[in-house]
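Heads up, the thing below is written out as structure tokens.
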2 protein chains.
Amino acid sequence: MKREEINIKEVAKRAGVSMATVSRVFNNSSYVSEATRKKVEAVIHETNYRPNILARELIHKKTALIGLIVYDLVGEGIPRMVNGISETLEVNGYQLLIATSKGSKEREQNHFNTFLSKRVDAILFSTRSFTNEHAAFIQRLPVPVVVLLQDTKSEPISCVTFDNAGLSYQATKALLKLGHQSVALLGGPANSLTAAERKNGVIQALTDSNLSFQDDLAVATNYHIESGYRETLDLFKKNKPFTAIITVNDGLALGSMKALAELNYRVPEDISILSLDNTVLADASRLRLAGVSFSYEDLGKEGAAIVLSHLKNEDNSTQKLKMPYLLDLAETVAKPKHEKPAY
Amino acid sequence: MKREEINIKEVAKRAGVSMATVSRVFNNSSYVSEATRKKVEAVIHETNYRPNILARELIHKKTALIGLIVYDLVGEGIPRMVNGISETLEVNGYQLLIATSKGSKEREQNHFNTFLSKRVDAILFSTRSFTNEHAAFIQRLPVPVVVLLQDTKSEPISCVTFDNAGLSYQATKALLKLGHQSVALLGGPANSLTAAERKNGVIQALTDSNLSFQDDLAVATNYHIESGYRETLDLFKKNKPFTAIITVNDGLALGSMKALAELNYRVPEDISILSLDNTVLADASRLRLAGVSFSYEDLGKEGAAIVLSHLKNEDNSTQKLKMPYLLDLAETVAKPKHEKPAY
DNA sequence: TTGTATGCGTTATCAT
DNA sequence: ATGATAACGCATACAA
């Protein structure tokens, strides 16, 4: 299995030509007589010669390598995003180097350093909570960085995001318009800025409608189905009335609906359910799950596209892109039954 | 943003020492006097010097890079496998280069070639249908290759797999033991060997029990929830009796149960449902979904471990590992009601 | 303890 | 049209 890789010098020797000629044949970089070309190509073929890209990259100071740092690869969103990134990069001749941080700042740092040492051409960075330190650090890097899923706010760093505050605001507004006055929220992990933004959107919508948000009715989850199930059961132990549950993703909505079914609440007659992030999982619901949907895959593609544009243009002004979303109230949301608020 | 990277020669000059000394300081490769070390470290720090790994790799002929080719990153299994791989590789100081084939042999080929040119130290390869050509090709490669999710059979190529035929055989046997005599199967895509193996396991179990498998009751799907839903509806249009549905994954089971609910069939009283691949998705089911579960994450870790062992030992005998699985009949499987077989 | 010089496998410049 | 040779940035054997 382990065979010595052949190099250009060896090919040159066997073909009876110089290294330069082999290089020219391989890269079509200059005219070579038909005769020698044939000769060289024959040797290349029979030796199964593959140029050592490292040497080439050493000269060109380009690796066609792009580093990606993500939290992890569990769940629906991130993998799809990676899928989109990978697709776009591949089409453009770039390779994707991937690393997971599991939320550790230290791991993030290590990955950045390794990537830079590996001389990646650019870095795509995703974290659950983008901080000032991140911003400061990134701006000192010698390669373009595009932040995914997190708004870089006033910092001059490109990013592509979902409009979390906006979409949750709109979704909540729609719920209130139907007459709901008290909603519960299954949020994300405490350290997730995305989750915080979505929560803020919900609160803002309530406030704008002169309704108050019950802090007890907002619980943190780890995004998983199981968590949605458990937290929903807990919700009813608090004896605070609510007529709708908003979840930050569809997994939580599924878990929640499982709990509701067990407790003999009907959806949407007794309780409305709305997910702020519908993926294909939503299809598992008996009813068409109401909620906001958007494409992680497209976000990944756009992120990759921005990074490539930074790589091509020398101007590279920072680009901030918000991906579109679609709100569909579908079948799990209805007007509340005001005469008997659910507990 | 774009700054010129500083190199070892420049650091040496600024520190007033030779390149060799800088190298020694950076790699702790030899003793350096405390004084010069301090001097050099100061310069390293203030210039933010990062060695160009490409040059080092060019010398050492090792990149600490491992290539991974997968079908895509959609669904539950593959991303978790990648997560496991990434985790193990990272701990061992390797980086993961990832590429998707989308089932195209041509893309697979391109990825292999790019990886080899990039001088990856090893390749992890996953495909939906491992062929003889794959085997022949892989054996001529100059780096170790470990195949994931597909058995390499008699070929001397390491692999780590789930025992698809075995687990589906056992699961089906359990079903038959309860009294089921006719089962429907929501299989995978036509080109998936994994799906074919699982189907064969089902058929074998039936045959061994002197029951025959109704070809009409086996349908191909694309693994998705929606597909499970649709195909289940179609199943009932065939007017062939069956009392249980086996699905090759839990997404299909969820889709199927959605259809059953719509048709007013009760699970498991009227129809039993059993999934041959329970992931976290199974939690979305109202009932605890019966089925086989195993860990893609662990499979990824084992695959990575095997590849690393090939990298370390020079012996590298081929290793074939079958991952364990767990069969749980849980709440969606029951004895059939023989008096009134479902259609 | 530190410095010098060579080589890793390419590409590119300059000859021929 | 082709060849010789100098980089690219680092590690290392050998000198000093």
Side-chain angles (χ1 to χ4, degrees), chain A residues 3-41 43-44 47-65 113-114 116-121 142-143, chain B residues 3-41 43-44 47-65 113-114 116-121 142-143:
Chain A
R3 242 187 13 200
E4 269 317 297
E5 287 276 329
I6 207 161
N7 62 20
I8 198 172
K9 187 187 271 176
E10 181 67 19
V11 173
K13 191 161 72 182
R14 296 204 198 184
V17 298
S18 72
M19 287 162 51
T21 300
V22 176
S23 176
R24 282 189 274 255
V25 168
F26 209 93
N27 302 310
N28 274 323
S29 52
S30 169
Y31 283 110
V32 176
S33 79
E34 203 48 36
T36 48
R37 149 161 274 123
K38 285 263 184 280
K39 216 168 30 177
V40 172
E41 274 171 348
V43 175
I44 286 178
T47 56
N48 207 13
Y49 164 70
R50 283 180 240 269
N52 186 332
I53 302 288
L54 295 177
R56 185 186 296 169
E57 291 171 345
L58 186 57
I59 297 173
H60 291 160
K61 296 175 193 259
K62 288 194 176 177
T63 54
L65 222 53
N113 284 327
T114 314
L116 291 172
S117 281
K118 285 266 182 202
R119 293 302 192 263
V120 297
D121 290 342
V143 298
Chain B
R3 246 187 9 200
E4 268 317 299
E5 286 276 330
I6 207 160
N7 62 22
I8 198 172
K9 187 187 271 176
E10 181 66 20
V11 173
K13 192 162 71 182
R14 295 204 197 186
V17 298
S18 72
M19 288 164 50
T21 301
V22 176
S23 175
R24 282 189 273 255
V25 168
F26 209 95
N27 302 311
N28 275 323
S29 52
S30 170
Y31 282 110
V32 176
S33 78
E34 203 48 33
T36 49
R37 149 161 275 122
K38 285 263 185 279
K39 219 170 26 178
V40 172
E41 274 170 349
V43 176
I44 286 178
T47 57
N48 207 12
Y49 166 69
R50 283 180 239 270
N52 185 332
I53 303 287
L54 294 178
R56 187 184 295 170
E57 291 172 346
L58 186 57
I59 297 172
H60 291 157
K61 296 173 195 261
K62 287 195 176 176
T63 55
L65 222 51
N113 284 327
T114 315
L116 292 171
S117 280
K118 284 266 183 204
R119 292 302 192 264
V120 297
D121 291 343
V143 300

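Chain A is the first sequence line, chain B the second, and so forth, proteins listed ahead of strands; every chain is numbered from 1. This is a predicted model, so every value here is computed, not measured.
Considering only side-chain N and O atoms, A:Asn27 lies under 4.0 angstrom from the phosphate OP1 or OP2 of C:dT11. One finds a side-chain N or O of B:Tyr49 lying less than 4.0 angstrom from the OP1 or OP2 phosphate oxygen of D:dC10. Dashed line: the shortest gap from a side-chain N or O of B:His60 to OP1 or OP2 of D:dC10 is not under 4.0 Å. Listed pair A:Asn52 / C:dG9 fails the phosphate criterion, with no side-chain N or O lying under 4.0 Å from OP1 or OP2. In this model, the phosphate group of C:dT2 is approached by a side-chain N or O of B:Thr36 to a distance below 4.0 Å at OP1 or OP2. OP1 or OP2 of D:dT2 lies within a sub-4.0 Å distance of a side-chain N or O belonging to A:Ser33.
Separating the CD1 atom of B:Ile59 from the P atom of D:dT12 is a distance of 7 Å, rounded to the nearest angstrom. A:Ile8 has its CD1 atom 14 Å from the C1' atom of D:dT5, to the nearest Å. A straight line from CD1 of B:Ile53 to C1' of D:dA11 spans 12 Å, rounded to a whole angstrom. Following rounding to the nearest Å, A:Ile44 (CD1) and C:dT10 (C1') show an atom-to-atom distance of 13 Å. Per the geometry, CG belonging to B:Leu54 stands 15 Å off C1' belonging to D:dA7, to the nearest Å. With rounding to whole Å, A:Leu58 atom CG is found 8 Å from D:dC10 atom C1'. B:Asn28 places its CG atom 13 Å from the P atom of D:dT12, with the value rounded to the nearest Å. Here the P atom of nucleotide D:dA6 and the NZ atom of A:Lys9 are 13 Å apart, to the nearest Å.
Interatomic distance, B:Arg24 CZ to B:Thr36 OG1, rounded to the nearest 0.5 Å: 9.5 Å. One distance of note links CG of B:Leu54 with CG of A:Leu54; it measures 6.0 Å at 0.5 Å rounding.
The shortest side-chain heavy-atom distance between B:Asn113 and A:Arg50 falls under the 4.5 Å cut-off. Taking 4.5 Å as the limit, every side-chain heavy atom of A:Val43 sits out of range of all side-chain heavy atoms of A:Tyr49.
Between B:Glu34 and B:Lys38 there is a salt bridge, since a side-chain N of the basic residue sits under 4.0 Å from a carboxylate O of the acidic one.
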Where do N or O atoms of nucleotides 3-5 of chain C meet protein N or O atoms at under 3.5 Å, pair by pair?
unit_1: C:dG3; atom_1: OP2; unit_2: B:Ser18; atom_2: N; d: 2.9
unit_1: C:dG3; atom_1: OP2; unit_2: B:Ser18; atom_2: OG; d: 3.1
unit_1: C:dG3; atom_1: OP2; unit_2: B:Thr21; atom_2: OG1; d: 2.6
unit_1: C:dG3; atom_1: N7; unit_2: B:Arg24; atom_2: NH2; d: 2.6
unit_1: C:dG3; atom_1: O6; unit_2: B:Arg24; atom_2: NH1; d: 3.2

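Summary of the strand contacts: A:Pro51 and B:Ala35 both lie near DNA chain C, and taking for each the nucleotide with the nearest heavy atom, the more 5' one is attributed to B:Ala35.
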Under 3.5 Å donor-acceptor pairs involving side-chain atoms of residues 8-17 of chain B, not counting sequence neighbours:
unit_1: B:Glu10; atom_1: OE2; unit_2: B:Arg14; atom_2: NE; d: 3.1

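The closest side-chain donor-acceptor pair between A:Arg37 and A:Asn28 falls under 3.5 angstrom.
Using a distance-only test at 3.5 Å, with no hydrogens or angles considered, no donor-acceptor pair links the side chain of B:Asn27 to the main chain of B:Ser29. Between the B:Ser117 side chain and the A:Asn52 main chain, no donor and acceptor come within less than 3.5 Å of each other. A donor-acceptor contact shorter than 3.5 Å is absent between the side chain of B:Asp121 and the backbone of B:Lys62.
Comparing the local axis fitted to the first five base pairs of the helix from C:dT1-D:dA16 to C:dT16-D:dA1 with the one fitted to its last five gives a bend of 40°, rounded to 10°.
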